[in-house]
Protein chains: 2
Amino acid sequence: MADIPIFGEGEVDAETRANGAAGHKDELRLWLRLLTCTNLIEAEIRSRLRSRFDVTLPRFDLMAQLERAPDGMTLGELSKRMMVSAGNVTGLVDRLLQDGLLERRRAPGDRRSSLVRLTAAGHDSFRAMAEAHGDWIGDFFAGLGDDDVDALMALLGRTKASVRGAIEGQAGIAGEGETDNV
Amino acid sequence: MADIPIFGEGEVDAETRANGAAGHKDELRLWLRLLTCTNLIEAEIRSRLRSRFDVTLPRFDLMAQLERAPDGMTLGELSKRMMVSAGNVTGLVDRLLQDGLLERRRAPGDRRSSLVRLTAAGHDSFRAMAEAHGDWIGDFFAGLGDDDVDALMALLGRTKASVRGAIEGQAGIAGEGETDNV
DNA sequence: ACGAGATATTTTAAGCTTAAAATAATTCGC
DNA sequence: GCGAATTATTTTAAGCTTAAAATATCTCGT
């Protein structure tokens, strides 16, 4: 098997070869474009955070989660919200503690877990970064009109739902109750 | 400075606080949604590649670049196309060589660089993965109609242009000649 | 109160990633 | 040809990331 095309669809050969047998060419191109957009933005944010604030993106993300939780948050909750592993959070928190941006205390009712929150320094530091970050994002999307932004939001909302459907309900459990938090 | 709101825009307070002073709320939400979609898909691909093919996503990406270059490609070219650092490619190539999926030879006219390409085993291995990969992508976007896919492609195209404009031409060099390769 | 299972976190091992410094080879101007 | 600047790659140091195993604690049924 191999050399003989099963379906004849015009210029299938070269395209299908990079594709697998089924016809997912458009979706594949869409995925690559989505990935390119995200990587482009993410790399630039990463680079600016590093050069202008000497901070990594994961650290910024963690601080962003904490900024609206004045009473602190458990590592487990951070892990869930950031969609990263628990071990990852352990390391990030360690390093932020060393930098004096976070403080940690035992959780009141549960000796297994602890709460972390921003220190005053951490809060100030984050506020400065967040302001710049917001401006950068504004600039990145400045070439889109309000209607484009709305349309993209809607389409990405459908995309997210489609992906979640494909991942979770392999057999079709549709109306997920998950709070969207993004 | 700080406590006194400069503009009064209704429910500004809570929103602006997470936002910086300017009004980038919608763009910020758009960015987070874009990021969520991409992360969702990427994490699932990563997980399936690992569990079903025992391969990492960077390795898969590298092999994908090589698949259409039967005569091989330099590490520098791989670095450019994959949009990762040169040192990164060095390590990936090393590991793929060890696994027998790549072969390496000196570049004909330039003793600084070398060419790598897929071995027969690497090619076979990639083809199997690429077929599954294409199917997964098809499933992830199955909830979108053809019109949605087209609309997304177009909007993401504009987004990419907007971001590149914001990054490169800080002062406005618009019509970049770059081949898009994605 | 006991123990089984669940939950929160840490540790470990391996790999990915980058920026910056180090090597090595090429190109180009003169 | 010589040397300076450029280019290709590797090395290094630091941090990010994950899955899986290990700890510690909690919850619940009985």
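Remember, it's a predicted structure, so these values are computed and weren't measured experimentally.
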Which atom pairs, donor and acceptor, lie under 3.5 Å between side-chain atoms of residues 142-151 of chain B and protein residues at least two apart or in another chain?
| residue | atom | partner | partner atom | Å |
| --- | --- | --- | --- | --- |
| Asp148(B) | OD1 | Arg158(A) | NH2 | 3.2 |
| Asp148(B) | OD2 | Arg158(A) | NH2 | 2.9 |
| Asp148(B) | OD2 | Gly145(B) | N | 3.3 |

Readout for nucleotides 16-25 of chain C: B = base within 4.0 Å of protein heavy atom, S = sugar-phosphate only, - = neither; 5' to 3' it is SSBS----BB

| query | If we only count heavy atoms from C-beta on, is the Ser125(A) to Met63(A) side-chain gap below 4.5 Å? | reply |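 The answer is yes, as the side chains (C-beta and beyond) meet within the 4.5 Å cut-off.
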
| How about Ile167(A) and Trp136(B): do any of their side-chain heavy atoms sit closer than 4.5 Å? |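 Side-chain contact under 4.5 Å: no.
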
Looking for any heavy atom pair under 4.0 Å, which part of the strands does [X] touch: base, sugar-phosphate only, or nothing?
X: Ser79(B); result: nothing
X: Thr90(A); result: base
X: Arg106(A); result: nothing

Rounded distance in Å - [atom1] ([X]) to [atom2] ([N]):
X: Leu75(A); N: dA24(D); atom1: CG; atom2: P; value: 17 Å
X: Met73(B); N: dT9(D); atom1: CE; atom2: C1'; value: 17 Å
X: Asp94(B); N: dA14(C); atom1: CG; atom2: P; value: 17 Å

N/O donor to acceptor pairs below 3.5 angstrom from side-chain atoms of residues 89-101 of chain B, sequence neighbours left out:
| residue | atom | partner | partner atom | Å |
| --- | --- | --- | --- | --- |
| Thr90(B) | OG1 | Ala86(B) | O | 3.3 |
| Asp99(B) | OD2 | Arg59(B) | NH2 | 3.3 |

Looking at the rings of Phe126(B) and Phe60(B), which for Trp means the six-membered one, are their centres under 6.0 Å apart?
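Yes, the ring centres sit under 6.0 Å apart.
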
Exercise. What's the verdict on side chain to side chain contact (heavy atoms under 4.5 Å, CB included) for Leu78(B) and Leu62(B), showing C-alpha distance, side-chain angles and the deciding distance?
Worked result: CA-CA 7 Å; Leu78(B) 276 172; Leu62(B) 194 152; 4.1 Å; yes

